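So that the names make sense, note that chain A is the first sequence line, chain B the second, and so on, each numbered from 1. Just so it is clear, the model here is predicted, and its values are computed rather than measured.
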There are 2 protein chains.
Amino acid sequence: MSDETTPPPDAVTGTGADRTLHQRILSDIETRIVSGEWPPGHRLPFEVDLARRYGCARMTVNKVMTQLAKAGLVERRRKSGTFVAQPRAQAAILEIHDISREVEQTGLPYSYTIVAHAQHRATAAERARLDLDGSARVLAVTALHRAGPAPFCLEERLINLSAVPEAADADFSATAPGRWLVERVPWSAAEHRIHAASADASTAARLAVQPGTACLVVERRTWHNGGPITHATFTYPGERHSLVASFTPAGGG
Amino acid sequence: MSDETTPPPDAVTGTGADRTLHQRILSDIETRIVSGEWPPGHRLPFEVDLARRYGCARMTVNKVMTQLAKAGLVERRRKSGTFVAQPRAQAAILEIHDISREVEQTGLPYSYTIVAHAQHRATAAERARLDLDGSARVLAVTALHRAGPAPFCLEERLINLSAVPEAADADFSATAPGRWLVERVPWSAAEHRIHAASADASTAARLAVQPGTACLVVERRTWHNGGPITHATFTYPGERHSLVASFTPAGGG
DNA sequence: GCAATTATTATGTATATACATGATTGCAGG
DNA sequence: CCTGCAATCATGTATATACATAATAATTGC
């Protein structure tokens with residue numbers, strides 16, 4: 001380290017849009033990792049060195065590193081330094097859009113009908129699905145979503161009335177139950193199960209396909225404050241429909 | 001604001017483990033939002049006020065807010081303040097584990113066999129799937145993964161040999177092609193398509209199910225530095241298997 | 001020579017400070 | 001009444017500083 005003459009303040013500015021310094025440093029390091037220039041296991045320069053290289057304070061580099069570490073791109077060890085992480089089990093992000101949005105992306109007009117709407121005490125099967133005990137009352141709603149004239153998806157939903165009593169009097173003809181719930185119940189957690197199934201007779205009839213047709217089934221369970229809210233089964237007929245999940249290393253960006 | 005007497009330094013410390021201040025503030029605010037105490041649209045206290053309340057500097061609160069905003073729990077507007085966001089289209093996280101791991105979770109022993117292994121010039125269909133042009137060479141590998149004696153999943157994989165020439169000489173009898181690639185190609189991006197399909201004759205035979213059985217099909221395309229690496233189709237027989245994706249508001253960390 | 005102790009070092013957290021940015025409010029002037 | 005300028009305010013970014021923490025390296029004591 002003999003020449004401390006002119007630390008280039010625009011070491012990264014070449015790419016420079018009007019992004020912030022933080023962003024430029026982040027994407028610079030990210031690029032080196034994702035491109036393989038810094039392969040997994042490689043120790044990257046110390047924070048102080050990077051700070052000098054980018055002509056900034058350590059804190060700035062530190063924050064970038066914190067973010068990269070949280071995104072899983074790097075691993076940090078005190079005293080040893082920061083290392084490019086091994087790209088292990090990738091967690092792809094599955095966008096679960098609104099069905100109406102999903103349909104509209106196909107260019108066809110969206111519509112839906114409520115084909116069943118009943119309120120009763122939960123059966124054993126329903127209690128299991130909703131993770132309820134005792135004899136709570138539930139609302140069972142079945143809706144058929146359409147893309148143009150063709151059935152797009154069959155939604156079979158159970159709503160826990162002790163958690164959302166207002167649902168009993170709700171009018172789902174204008175607002176689909178999914179949207180109605182999302183607008184009412186703040187920040188719920190959800191679990192999705194995705195599997196394939198052959199359409200049984202009644203499902204096939206509603207979806208206007210042959211019985212036995214392979215369908216994609218998405219089950220969604222929703223909680224709020226630890227209590228069950230709703231369980232929904234979405235059945236997509238045939239082999240046309242597909243869910244898309246993507247993974248980008250930089251993703252956390 | 002008449003009493004500025006004793007700002008309680010341990011306003012949150014009640015819950016206090018030995019977590020950092022940042023974490024405690026974060027989880028405190030998070031809890032209020034997720035529980036609905038601060039419903040969507042609610043304006044939360046200004047950063048300076050929160051700082052006083054938690055007995056810390058504004059920077060600390062600011063960093064927490066930045067994180068919450070990135071996680072999508074809050075929205076921030078200059079001059080106006082920070083607001084609880086509307087819980088829109090939830091992006092669930094789909095864990096794509098290794099198949100061996102997936103099998104071992106069932107308690108059954110994992111094994112696999114390579115049932116086909118050929119190298120040739122890419123056909124039109126293969127070029128389309130790999131997003132290749134020209135007449136590149138590809139390696140086509142078919143592997144059957146088993147849980148105990150029963151077929152668990154059929155993997156049909158194409159590897160772009162111009163991107164990964166070493167694959168031509170690789171021995172996949174000890175290391176499955178998926179794992180082999182992940183160990184070699186650093187930090188690739190991937191896209192997954194999930195759909196249902198009826199098993200055709202040859203697939204059904206290999207998976208030991210009736211032709212026409214509904215199967216869950218996961219397609220994975222992988223890139224590195226913008227170039228295609230591999231395309232894999234995983235076919236899970238029957239209705240047993242299911243993918244699980246979960247969404248937690250706090251999830252983003 | 002080897003265990004126990006003590007530096008050293010790089011990350012990790014928190015603070016006070018400064019100024020930039022952008023939206024909103026309010027006031028002035030037509 | 002409405003336009004436009006200026007003040008204000010809350011967030012946004014960056015910095016210098018301080019000290020905590022954990023892991024490694026060096027040194028001491030026996």
Side-chain angles (χ1 to χ4, degrees), chain A residues 1 7-13 16-29 33 38 41-85 253, chain B residues 1 7-13 16-29 33 38 41-85 253:
Chain A
M1 307 301 164
D10 52 348
V12 201
T13 322
D18 51 352
R19 296 180 298 166
T20 115
L21 180 54
H22 180 100
Q23 287 172 303
R24 276 186 290 137
I25 297 176
L26 185 103
S27 83
D28 181 59
I29 295 178
I33 293 175
W38 288 347
H42 177 258
R43 206 201 69 217
L44 32 132
F46 300 129
E47 295 185 352
V48 279
D49 296 338
L50 285 171
R52 261 197 306 143
R53 183 145 125 201
Y54 292 121
C56 70
R58 181 172 83 94
M59 265 301 291
T60 309
V61 172
N62 187 320
K63 282 205 275 187
V64 170
M65 289 313 198
T66 304
Q67 198 172 329
L68 284 171
K70 195 148 36 192
L73 273 171
V74 302
E75 275 172 25
R76 316 174 77 182
R77 252 167 288 148
R78 282 182 222 251
K79 166 76 184 182
S80 311
T82 305
F83 300 81
V84 177
Chain B
M1 306 298 164
D10 52 348
V12 201
T13 322
D18 52 351
R19 298 180 298 165
T20 122
L21 180 53
H22 180 98
Q23 288 172 302
R24 276 184 293 139
I25 297 175
L26 185 102
S27 82
D28 182 58
I29 296 178
I33 293 174
W38 288 347
H42 177 259
R43 205 202 70 217
L44 33 131
F46 300 129
E47 294 185 353
V48 279
D49 296 337
L50 284 171
R52 261 197 306 143
R53 183 145 124 202
Y54 292 121
C56 69
R58 180 172 82 92
M59 266 301 291
T60 309
V61 172
N62 186 321
K63 282 205 276 185
V64 170
M65 289 312 198
T66 304
Q67 199 171 327
L68 284 171
K70 193 146 39 189
L73 273 171
V74 301
E75 277 171 23
R76 317 171 76 180
R77 252 165 287 148
R78 282 181 221 255
K79 168 76 184 179
S80 310
T82 305
F83 300 81
V84 177

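- Going from atom CG of A/Leu50 over to atom P of C/dG12 covers 13 Å, rounded to whole Å.
- In this structure, the side chains of B/Arg19 and B/Ser27 come closer than 4.5 Å at one or more pairs of heavy atoms.
- Distance A/Gln67 CD to D/dT13 P: 10 Å, rounded to the nearest Å.
- Considering only side-chain N and O atoms, A/Thr60 lies under 4.0 angstrom from the phosphate OP1 or OP2 of D/dT15.
- Closest contact between the side chain of A/Lys79 and the listed nucleotides C/dT24, D/dT11, D/dT24 involves D/dT24.
- The side chain of A/Cys56 sits closest to D/dT15 out of D/dT11, D/dA14, D/dT15.
- In this entry the distance linking CD1 of B/Ile25 with P of C/dT13 reads 13 Å, nearest Å.
- Checking the phosphate oxygens (OP1, OP2) of D/dT11, no side-chain nitrogen or oxygen of B/Ser80 falls inside 4.0 Å.
- Geometrically, B/Arg76 does not engage B/Phe83 in a cation-pi contact, judged by NZ or CZ lying under 6.0 Å from the ring centre and within 45° of the ring axis.
- Taking five base pairs at each end of the helix from C/dG1-D/dC30 to C/dG30-D/dC1, the local helix axes there meet at an angle of 10°, rounded to 10°.
- Picking from C/dT15, C/dG12, D/dT15 the nucleotide with the shortest atom distance to the side chain of A/Ala57 gives D/dT15.
- When rounded to the nearest whole Å, the span between CG of B/Asn62 and P of C/dT17 equals 16 Å.
- Taking the side chain as every heavy atom from C-beta outward, A/Leu44 and A/Met65 approach each other to under 4.5 Å.
- Side-chain proximity of A/Arg78 to the nucleotides D/dA10, D/dT21, D/dA18 is greatest for D/dT21.
- Taking 3.5 Å as the limit, the base of C/dG12 and the side chain of A/Arg77 contain no donor-acceptor pair of atoms between them.
- A distance-only check finds a donor-acceptor pair linking the side chain of B/Thr66 to the backbone of B/Asn62 [under 3.5 Å].
- Distance, A/Lys70 NZ to C/dT11 P: 17 Å, rounded to whole Å.
- Taking the side chain as every heavy atom from C-beta outward, A/Val84 and A/Leu73 never approach each other to under 4.5 Å.
- Residue A/Thr82 is classed as a sugar-phosphate contact, given heavy-atom separations below 4.0 Å to backbone atoms only.
- With hydrogens and angles ignored, no donor-acceptor pair under 3.5 angstrom links the side chain of B/Arg76 to the base of C/dG22.
- With the nearest nucleotide of DNA chain D identified for both B/Glu47 and A/Thr20, B/Glu47 has the one nearer the 5' end.
- Distance, A/Arg58 CZ to D/dT13 P: 20 Å, rounded to whole Å.
- What separates CE of A/Met59 from P of D/dG12 is a distance of 16 Å, to the nearest Å.
- Panel note: side chain A/Gln67, backbone A/Val64; no donor-acceptor pair is recorded below 3.5 Å.
- Under the 4.5 Å side-chain criterion, counting only non-hydrogen atoms from C-beta, B/Phe46 is not in contact with B/Thr82.
- Distance CZ (B/Phe46) to P (C/dT24): 13 Å, rounded to an integer number of Å.
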